[in-house]
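Chain letters run A, B, ... following the sequence lines, proteins first, then strands; residues in each count from 1. Please read these numbers as outputs of a predicted model, since none were measured by experiment.
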Amino acid sequence: GLSQGKSDDPTMKREIRLAKNREAARECRRKKKEYVKCLENRVAVLENQNKTLIEELKTLKDLYCVKTG
Amino acid sequence: GLSQGKSDDPTMKREIRLAKNREAARECRRKKKEYVKCLENRVAVLENQNKTLIEELKTLKDLYCVKTG
Amino acid sequence: MSATGTGGCGPGPGPTSGSGSGASNPRKFSEKIALHTQRQAEETAAFQEVMMDITSTRLQAQKLRLARSQGPYYSGSLPNVNQIGRNPQDFQVTDAA
Amino acid sequence: MSATGTGGCGPGPGPTSGSGSGASNPRKFSEKIALHTQRQAEETAAFQEVMMDITSTRLQAQKLRLARSQGPYYSGSLPNVNQIGRNPQDFQVTDAA
DNA sequence: CACGGCTGACGTCAGCCCGC
DNA sequence: GCGGGCTGACGTCAGCCGTG
């Protein structure tokens with residue numbers, strides 16, 4: 001057909017724009033979900049490191065307290 | 001009006017259900033946004049604590065190294 | 001405050017009592033927020049406690065070093081050498097009994 | 001790997017070069033993920049480094065204590081008391097020069 | 001089992017910001 | 001200045017799961 005061979009049709013332009021925005025929205029939601037999972041994983045890692053550091057600091061503090069006392 | 005005085009009208013029931021789901025969706029989005037902010041704030045706090053703990057561990061380790069060496 | 005009411009803590013595990021992934025990974029955002037807030041409070045408390053302990057130890061050690069440097073005074077739980085031999089009784093052996 | 005390509009690090013601040021809230025708080029999720037991944041890698045490296053240092057110090061101290069307990073051998077940078085007086089030269093004063 | 005509260009996922013609109 | 005990529009917010013549908 002020659003009537004809408006190009007994208008000059010305003011309806012066609014709108015549909016194309018909507019289709020692009022649809023796909024963009026899917027990717028955006030996917031990235032947002034991945035970001036939230038990244039945050040949760042980061043919190044878990046930081047939690048473990050924090051716990052280990054506190055225990056190590058307690059041990060070293062007791063050792064230092066023995067040296068001085 | 002006696003025609004739709006009760007909620008027997010299926011159209012009315014649908015609209016009521018949609019209205020409830022609308023408000024629920026708003027509250028859900030608000031809670032989700034708050035949750036993400038909570039995660040980001042938690043990451044920041046854990047970051048500062050870990051940094052402080054690491055520096056303190058370095059200092060205490062140097063002190064303990066001086067005592068032994 | 002809004003989830004299951006953390007203030008009361010009346011009944012035990014409310015929903016389903018599931019031990020699987022319902023406790024550490026709730027579905028409701030309110031419970032997630034409450035859980036993270038609780039953990040953050042606990043970890044902050046432990047962190048501040050350790051830092052306070054370190055500060056206290058530091059001050060104690062510094063005070064001890066300052067006391068040792070200012071004067072040759074031996075003060076400790078060990079038998080004080082300055083007080084040995086002052087009294088003649090310390091030289092008398094108890095083998096006479 | 002997908003955002004601005006952390007592997008290359010070619011040009012400096014790309015977008016707008018804004019020093020405000022564009023660097024530590026990007027709009028794109030890809031940049032947020034990349035930023036958090038980078039920070040996590042740095043902090044994990046620092047954490048492991050400190051833990052390695054602590055382990056090394058522990059092992060060194062334990063080896064030192066074990067060496068001191070097994071034999072009455074004094075080994076240090078201070079003047080060794082066991083080697084003082086062995087040679088007669090140590091008793092001769094150098095005032096004759 | 002049926003019902004309802006929350007949430008995941010979708011498509012759409014409006015808006016920001018960056019590159020042209 | 002303007003078009004286009006991303007994202008924030010909305011309403012809607014489908015589905016899970018706790019509650020009666």
What integer distance in Å separates [X]:[atom1] from [N]:[atom2]?
{"X": "A:E23", "N": "F:dT7", "atom1": "CD", "atom2": "P", "answer": "14 Å"}
{"X": "A:K37", "N": "E:dG8", "atom1": "NZ", "atom2": "C1'", "answer": "12 Å"}
{"X": "A:E27", "N": "F:dG5", "atom1": "CD", "atom2": "C1'", "answer": "13 Å"}
{"X": "B:Y35", "N": "E:dC6", "atom1": "OH", "atom2": "C1'", "answer": "15 Å"}
{"X": "B:K33", "N": "F:dC10", "atom1": "NZ", "atom2": "C1'", "answer": "13 Å"}
{"X": "A:E15", "N": "E:dG11", "atom1": "CD", "atom2": "P", "answer": "13 Å"}
{"X": "C:N25", "N": "F:dC16", "atom1": "CG", "atom2": "P", "answer": "17 Å"}
{"X": "B:R22", "N": "F:dA9", "atom1": "CZ", "atom2": "P", "answer": "19 Å"}

Next item on the list: Looking only at side-chain atoms of B:L18, point me to the closest of E:dC13, E:dT7, F:dC13.
Entry: F:dC13
Check: Mapping D:R27 and A:A25 to their closest nucleotides on DNA chain E, which lands nearer the 5' end?
Finding: A:A25
Checklist line | Most 5' of A:K32 and B:A19 on DNA chain F, judged by nearest nucleotide | finding: A:K32
Item checked: Upstream residue (5' side of DNA chain F) when A:C28 and B:R17 are each assigned their closest nucleotide -> A:C28
Notebook entry, point to check: Hey, does the side chain of B:R14 come within less than 4.0 Å of F:dC13's phosphate (OP1/OP2), counting only N and O?
Noted result: yes
Notebook entry, point to check: Are OP1 or OP2 of E:dG5 and a side-chain N or O of B:K20 less than 4.0 angstrom apart?
Noted result: yes
Check: What is the nucleic acid contact for A:R26, judged by heavy atoms within less than 4.0 Å: base, sugar-phosphate only, or nothing?
Finding: sugar-phosphate
Check: Would you call the rings of A:Y35 and D:H36 parallel, tilted or perpendicular, where under 30° means parallel and over 60° means perpendicular?
Finding: tilted
Next item on the list: Check whether more than 12 heavy atoms from other residues, nucleotides or ligands sit under 6.0 Å from atom CD of D:E42, and answer yes or no.
Entry: yes
Notebook entry, point to check: Ion pair present between B:R30 and B:E27, side-chain N to carboxylate O less than 4.0 angstrom?
Noted result: yes
Notebook entry, point to check: Would D:K32 and A:E34 pass as an ion pair if we require N to O under 4.0 Å?
Noted result: no
Checklist line | Exercise: identify the closest heavy-atom pair between B:E47 and A:L46 | finding: N-CD2, 4.0 Å
Next item on the list: Would you kindly check whether a donor in the side chain of B:R29 faces an acceptor in the base of F:dG11, or vice versa, at under 3.5 angstrom?
Entry: yes
